[in-house]
Every structure is written in C-alpha cells, then in structure tokens.
Amino acid sequence: MFRTKRSGLVRRLWRSRAPVEGDGEADRGTHGSGGCCMGKTTKVAKSNAGSEAELKALTHSILKKIKEKQLEVLLQAVESKGGARSPCLLLPSKVDAKVGQQSYSLPMLLYKVFRWPDLRHSSELKRLSCCESYGKINPELVCCNPHHMSRLCELESPPPPYSRYPMDYLKPPDSLALQESGERTHWCVVAYWEEKTRVGRLYSVQEPSLDIFYDLPQGNGFCLGQLCSDNKSQLVQMVRAKIGYGIQLTREPDGVWVYNRSCYPIFIKSATLDNPDSRTLLVHKVFPGFSIKAFDYDKACSLQRPNDHEFTQQPRTGFTVQISFVKGWGQCYTRQFISSCPCWLEVIFNTR
C-alpha cells in the first residue's frame, strides 16, 4: 500500500510537469512575440522521444527517493500552479542529475521539469522572499519547491549609469528603528484603475509583501475581485477575469520587486528602469513566472524627478510605478497612455 501511494504521487507529478514548446499545452502567456522592452525568454523545442524517455526515467527515480510527505508538498504546489500556500521542500543541494550530456543539480532539475523546460542556469532565477532558503548562501538543504522561485526579467538594454544626488530619504526606513519606536507606517499605497476610473479605495501596504489578485486560492491581500465596479466594457470584464493570481509586490533590501503570478503578461513603467534623462520612459513586458525589480532604491536616489509626461502629471508627490494587466501601452501599442488600459495599478511609494 505504501509503495502504491508513492507511485501514484509520482505519476500525478509527472502528468503535471511543465509542457514544452510544441506540446500544444504550453502556457500561452509564457512565450511568443510581443511588444518592445520585454523580458527575454528562450523557446525550447519539443524534445525527441529518446530524451523525453530519459528525462522521465530520471525524474521518476529521483522522486521515488523523496519522502511521501515531501511528494505531497510538491504535488500541492505543482497542481495549484503556486496558488495554494505550500511549505518549503528542503532537499540536499549537492545531488546532481544528468540528462544526456547535461548535468543539473537536484533543485535545477525540479525547476526545469515543473516550471521552465528552457531553464539553463541558476543565474536566471530569483528566489521569492517567502521561501526559507531566501538569502541563504550554499546551505546543506535548499528549498526545491518550484513555486518558491521566479525567473529574472532581463531588460533588452541596461540603463546608463546614474549620477548621484543627496536624496537618501527615498530609501526604506530602518525596520529596527521603527520597531523600537513602536511606529508602524505604510511604505506604499496601491490604487486600482479601470481605464480612467479608480475602483475602490487606496490600499495602504505595511507588510513587506502583498498579493494583488482577482481570484487566488487561500488569497490574502488586495483582492480586486471584491471591489464594486460599474464598468460594463466587455474588454474590461475580459481582462479583469484574466488577472487570476495577479502579482506579488515585495519590498526587499535592494528595492521593490514585482512577481507575475498570473497566466498572462503584465506591463510595467518605472522611473528606475530606464534612462532618467529620457523624456519618455519605456514600458516593460513581464511574462508569467518572471520577476522584475520595479523600483530600485539606489537609482531612485539619483532622480530629482521623472521627466515622463504621465509621471509629471501625477497629483501626488513621490515616485509611482504603473502596472497594467494583460494589455500594454506606449510606443509599441495603439494605447499611448495607461489610462486607456482596461485594468491597471498605480503603486505610490511613501518617501517620508
């Protein structure tokens, strides 16, 4: 009975593996051409029968060595596509597996099988801050939960060097000092818009991480699905339904990161992603499963104010990041301004 249950879990996990390009099941939002300034992805061709059989045999042999409770954790994460809160899957980091001529560490193999078949190197990954292994260097055991990881969004060209200005007040306040004083303040507020109309109240963010979603199992955060909207536009309703798991907004030591948890691309404009002297900031496309540093504290210190027209028209002080779900805007699109997008967010940072 024990072996039957374990074998059943392994079979379910293999059936839930990430499809490769050409399977007909590949995530429609993960690959493909799109607008400018996107996160780069690499298409992977459908593997031949020999390599597929070799990968299956190797994956089965590794999974059968994992404890049954750990298999259940991995299955929960994979079948829910990261929607359910799943604990860390701590496994030895030094175990290597070989597929053809290529060797992979155990974590890398699981990330390739269950998230990104085109993954080539660990440098392409960013661990989510919710993970126990976050910030740890070369631990004996490392979390192998594929949904505690994200892909790094590479910009098509790096921004030029920034000149420095004495604006250190933009950096996040000292967390320890706030705890000692008993003060608890928000580090940003989030506004949700449908075209030119703001929907709901401003959402004040105090926790280091915030989920913004339409429909998320066990969701805890800013639920857009609970907001009352009078917008009857079919496009707005269609995009609203595609927000799904949405995004995760996280304040980390080096800046604010956005992780796309949904099944469709998101589009981001931020003053710290581009040349601060440019009159128009670029809009960056972020694919599902990818993370991007939407706001960089060090680069923000060099900005006296963004020059972009949309940013300078903001009635609020401070720095703003704009995020659109599914539909893009800007130079590569018919929509020139984000206010023409069906569903979008405005993240306003507290600079005090």
Side-chain angles (χ1 to χ4, degrees), residues 35-40 126 152-173 186-193 198 202-205 208 210 212 247-260 265-286 290-325 327-333 335-341 344-352:
C36 60
C37 313
M38 66 187 72
K40 294 179 181 177
K126 180 187 184 300
L152 276 171
C153 183
E154 300 176 18
L155 304 183
E156 297 225 327
S157 59
Y162 285 69
S163 57
R164 304 285 299 187
Y165 289 91
M167 294 178 65
D168 289 336
Y169 66 85
L170 283 172
K171 290 192 176 183
H186 68 278
W187 57 273
C188 76
V189 293
V190 180
Y192 170 62
W193 296 76
R198 198 184 86 200
L202 289 175
Y203 192 97
S204 180
V205 185
L210 173 70
I212 305 173
I247 65 170
Q248 188 174 82
L249 191 69
T250 308
R251 184 181 65 173
E252 300 186 27
D254 60 341
V256 177
W257 287 81
V258 173
Y259 169 46
N260 184 3
I266 60 172
F267 299 81
I268 295 182
K269 182 158 73 170
S270 168
T272 66
L273 283 174
D274 293 295
N275 185 345
D277 296 323
S278 172
R279 291 187 59 83
T280 303
L281 300 178
L282 296 176
V283 177
H284 297 267
K285 184 176 184 179
V286 181
F290 278 69
S291 284
I292 188 170
K293 190 195 293 184
F295 191 75
D296 187 299
Y297 294 129
D298 285 334
K299 291 176 182 176
C301 292
S302 71
L303 300 175
Q304 288 185 307
R305 66 169 187 165
N307 293 323
D308 180 85
H309 172 74
E310 282 191 277
F311 278 80
T312 56
Q313 295 304 307
Q314 296 293 338
R316 304 175 185 86
T317 58
F319 283 84
T320 303
V321 170
Q322 297 170 332
I323 306 170
S324 174
F325 294 102
K327 300 295 183 181
W329 82 100
Q331 297 175 3
C332 301
Y333 299 89
R335 302 173 188 85
Q336 292 300 299
F337 301 104
I338 194 170
S339 55
S340 300
C341 292
W344 57 281
L345 300 170
E346 189 179 26
V347 184
I348 306 132
F349 296 103
N350 180 8
T351 60
R352 293 190 297 275

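Only heavy atoms go into these numbers, but all of them, side chains included; no hydrogens, no water, no symmetry mates.
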Take V190 and V205 through the test side-chain contact (heavy atoms from CB on, under 4.5 Å) and record every step on the way to the result. CA-CA 8 Å; V190 180; V205 185; 4.0 Å; yes

Looking at NE2 of H186 and CG of N350, how far apart are the two atoms once the value is rounded to the nearest 0.5 Å? 4.0 Å

Does D274 use its side chain to pair, donor to acceptor, with the backbone of L282 at less than 3.5 Å? yes

Going by the rule side chain to side chain donor-acceptor pair (under 3.5 Å), which residues pair with S324 if we only count those two or more places apart in sequence or in a different chain? none

With side-chain contact (heavy atoms from CB on, under 4.5 Å) as the criterion, how do F349 and V321 come out once you've worked through the C-alpha distance, each side chain's angles and the decisive distance to 0.1 Å? CA-CA 8 Å; F349 296 103; V321 170; 3.6 Å; yes

With the side chain counted from C-beta on, respond yes when F290 and I266 share a heavy-atom pair under 4.5 Å apart, and no when they do not. no

Output for pair (Y259 OH, K126 NZ), nearest 0.5 Å, gives 10.5 Å

When rounded to the nearest 0.5 angstrom, what distance separates CG in L210 from CG in L249? 6.0 Å

Is the F295 ring parallel, tilted or perpendicular to the F319 ring (thresholds 30°, 60°)? tilted

Taking atom CD1 of I247 and atom CD1 of I268, what is their separation to the nearest 0.5 Å? 7.0 Å

Got a sec, which residues hit side chain to side chain donor-acceptor pair (under 3.5 Å) with Y192, two or more places apart in sequence or on another chain? E194

Where is the tightest heavy-atom contact between W187 and P208, given as atom of each residue plus distance? CZ2-O, 3.8 Å

Ignoring hydrogens, what is the shortest heavy-atom contact between V347 and C188? Give both atom names and the distance. CG1-SG, 4.0 Å

With sequence neighbours excluded, tell me which residues meet side chain to side chain donor-acceptor pair (under 3.5 Å) with K293. D254, D296

Between H284 and I292 the two heavy atoms that sit nearest each other are CB-CD1, 4.3 Å

Shortest non-hydrogen contact from Q336 to G330? NE2-O, 3.2 Å

Straight-line distance of F267 CZ to I323 CD1, nearest 0.5 Å: 12.5 Å

Can you sort out the partners of W344 under ring pair (Phe, Tyr, Trp, His ring centres under 6.0 Å), two or more places apart, ordered by chain and number? W193

Which atom of C153 lies closest to which atom of V286, heavy atoms considered: SG-CG2, 4.2 Å

If you compare all heavy atoms of V283 against all heavy atoms of W329, which two are closest, and at what distance to 0.1 Å? CG2-O, 3.3 Å

Could you state the interatomic distance from CG (L345) to OH (Y203), rounded to the nearest 0.5 Å? 12.5 Å

Who are the side-chain contact (heavy atoms from CB on, under 4.5 Å) partners of S340, not counting sequence neighbours? R335

Q322 backbone acceptor or donor facing E346 side chain under 3.5 Å: no

